[in-house]
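Have a look at the structure below, then the notes.
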Amino acid sequence: MKLSKILGGVATAAVMAYGTSAMASDIIVVAHGQANDPFWSVVKNGVDMAAKHTGAHVEFRSPETFDMVAMGQMIDAAVNQEPDGLVVSIPDADALGPSIKRAVEAGIPVISMNAGSDVSKELGALLHVGQDEFTAGEIAGAKLAEMGGKKGICVNQEVGNVSLDQRCEGFAKGFGGSVSVLPTSNDPSEIEAKVRAALESDPDVDTVMALGASTAGEPSVAAVKALGRTGDVKVASFDLSASFLESVKAGDAAFAIDQQQFLQGYLPVVFLALNADYGLMPGGNVPSGPNLITADKAGQVVELSAKGIR
């Protein structure tokens, strides 16, 4: 059975557990990515749908930039509000660990999502909803090597974000060939320019691994096209965007890695609402990905990606 069907069944069963007598619960989500980021807007869409389905009062909070000090302060502020549940992403356990432990010590049920699968349990979270980033990178690297890749770059728009660093590390292991990390900002224009410069300076580079479809995948495809090397240079990306999926469908990109981030927003809220109302909680982590979206699958998810669900 496909992972998406299994997770869909989990979500359906969770919502069906609700009746009209369910009490409203207060849940706070603190994420390291902003809701106006195309990736994180999908996460927030999942959060919003879970709030609608459960009747819970849910707040989504995130710092204006990738700022662990600000995020730690947001978690501390959430703890002071004594919610019925707290959802957190954990891109930096050293920076956020004390605040998360403070929530657990205060008796607040915590579920981690997206980033932090390797540290979630030791910090006291009940479970993690997401994908193992190193393994996902390793799978992607092996696939690109199978497609003939010999020398690659990993475009990292948030160096220091443990999850993104793990993606590059996994990619390097699975790829097996020469890999270098290309550090960038979140600015797509800068990414396009840096990828183009990297390809121009080293014509032997035949593989580009991007860590976010709209942020880095799309500009990487644009850079390859501008150099007239489409087909010669394989571009793959973590996560989805309608435009990048169109590139996959057209053969301008190799594949996208879907971690189904909608579920990362949706399931923790549902689980915490069920816990607050009925004392129910799954017994372990829920893997939301990875799922490689190749040309034969891309057309199926373009429309849902444009709607902010995939």
Side-chain angles (χ1 to χ4, degrees), residues 38-39 131 133 135-157 164 167-259 289-306 310:
F39 175 89
Q131 71 179 1
E133 303 293 5
T135 300
E138 188 175 12
I139 290 171
K143 180 66 174 178
L144 288 164
E146 181 186 313
M147 297 172 73
K150 301 295 183 183
K151 190 169 188 178
I153 56 175
C154 186
V155 185
N156 191 338
Q157 72 272 16
L164 298 195
R167 289 178 177 183
C168 282
E169 292 166 5
F171 164 63
K173 180 179 179 182
F175 191 64
S178 173
V179 172
S180 59
V181 176
L182 181 65
T184 71
S185 71
N186 273 305
D187 182 357
S189 297
E190 177 191 323
I191 291 173
E192 181 178 347
K194 284 194 170 184
V195 170
R196 180 169 179 168
L199 294 175
E200 287 179 320
S201 65
D202 188 351
D204 290 335
V205 173
D206 57 15
T207 304
V208 178
M209 181 79 254
L211 304 186
S214 57
T215 305
E218 292 174 21
S220 294
V221 169
V224 171
K225 281 187 174 181
L227 294 174
R229 297 188 63 187
T230 300
D232 174 39
V233 176
K234 300 162 192 68
V235 180
S237 180
F238 278 78
D239 307 322
L240 310 180
S241 73
S243 179
F244 191 80
L245 287 169
E246 290 288 0
S247 294
V248 173
K249 184 179 178 181
D252 295 333
F255 57 81
I257 304 166
D258 183 14
Q259 62 174 295
N291 181 24
L292 297 189
I293 306 297
T294 49
D296 58 326
K297 303 176 185 177
Q300 300 173 0
V301 295
V302 168
E303 183 178 349
L304 288 175
S305 179
R310 295 294 298 272

Legend entry - More than 12 heavy atoms of other groups within 6.0 Å of Lys225 NZ: no
Legend entry - Residues Phe244, Asp239; criterion side-chain contact (heavy atoms from CB on, under 4.5 Å); working and verdict: CA-CA 9 Å; Phe244 191 80; Asp239 307 322; over 6 Å; no
Legend entry - Ion pair check, Asp204 and Lys150, cut-off under 4.0 Å: no
Inset, instruction - For Lys151, check side chain to side chain donor-acceptor pair (under 3.5 Å) against everything at least two apart and list the hits. - result: Asp202
Legend entry - Whether over 12 other heavy atoms sit under 6.0 Å from Glu303 CD: no
Legend entry - Closest contact, heavy atoms only, Ser214 versus Pro219: O-CD, 3.7 Å
Legend entry - Closest non-hydrogen atom pair, Val248 against Ala256: CG2-N, 4.2 Å
Legend entry - Heavy-atom closest pair, residues Val224 and Thr230: CG1-N, 3.5 Å
Legend entry - Whether Gln259 side chain and Gln131 backbone form a donor-acceptor pair below 3.5 Å: no
Inset, instruction - Flag the pair Phe238 / Glu133 as yes when at least one side-chain heavy-atom distance between them is below 4.5 Å, and no otherwise. - result: yes
Inset, instruction - Mind listing the closest non-hydrogen atom pair of Ser220 and Val208 along with its distance? - result: OG-CG1, 3.8 Å
Inset, instruction - Measure the spacing between CZ of Arg196 and CG of Leu227 and express it to the nearest 0.5 Å. - result: 5.0 Å
Inset, instruction - State, with a plain yes or no, whether a side-chain heavy atom of Val301 is found less than 4.5 Å away from one of Asp258. - result: no
Inset, instruction - Determine the minimum heavy-atom distance between Thr207 and Val233, stating which atoms define it. - result: N-CG1, 4.2 Å
Inset, instruction - Calculate, to the nearest 0.5 Å, the distance between atoms CE and CG belonging to Met147 and Asp206 respectively. - result: 11.0 Å
Legend entry - Those residues that, when tested against Thr215, pass side chain to side chain donor-acceptor pair (under 3.5 Å) (two or more places apart): none
Inset, instruction - Carefully, step by step, assess Lys234 and Lys143 under the rule side-chain contact (heavy atoms from CB on, under 4.5 Å). - result: CA-CA 11 Å; Lys234 300 162 192 68; Lys143 180 66 174 178; over 6 Å; no
Legend entry - Spacing of CG belonging to Asn186 relative to CD1 belonging to Ile191, to within rounding of 0.5 Å: 6.5 Å
Inset, instruction - Take Ile257 and Met209 through the side-chain contact (heavy atoms from CB on, under 4.5 Å) test and state the conclusion after the steps. - result: CA-CA 11 Å; Ile257 304 166; Met209 181 79 254; 4.0 Å; yes
Inset, instruction - To the nearest 0.5 angstrom, please state how far the OG atom of Ser237 sits from the CZ atom of Arg167. - result: 8.5 Å
Inset, instruction - Report yes if the side chains of Pro183 and Asn156 come closer than 4.5 Å at any heavy-atom pair, otherwise no. - result: no
Inset, instruction - With rounding to the nearest 0.5 Å, note down the distance linking CD in Gln157 to CG in Leu182. - result: 10.5 Å
Inset, instruction - With rounding to the nearest 0.5 Å, note down the distance linking CG in Leu211 to CZ in Phe171. - result: 9.5 Å
Legend entry - side-chain contact (heavy atoms from CB on, under 4.5 Å) assessment of Arg310 paired with Leu245: CA-CA 11 Å; Arg310 295 294 298 272; Leu245 287 169; 5.9 Å; no
Legend entry - Residue pairs involving residues 168-215 (criterion disulfide (SG to SG under 2.5 Å); sequence neighbours excluded): Cys154-Cys168
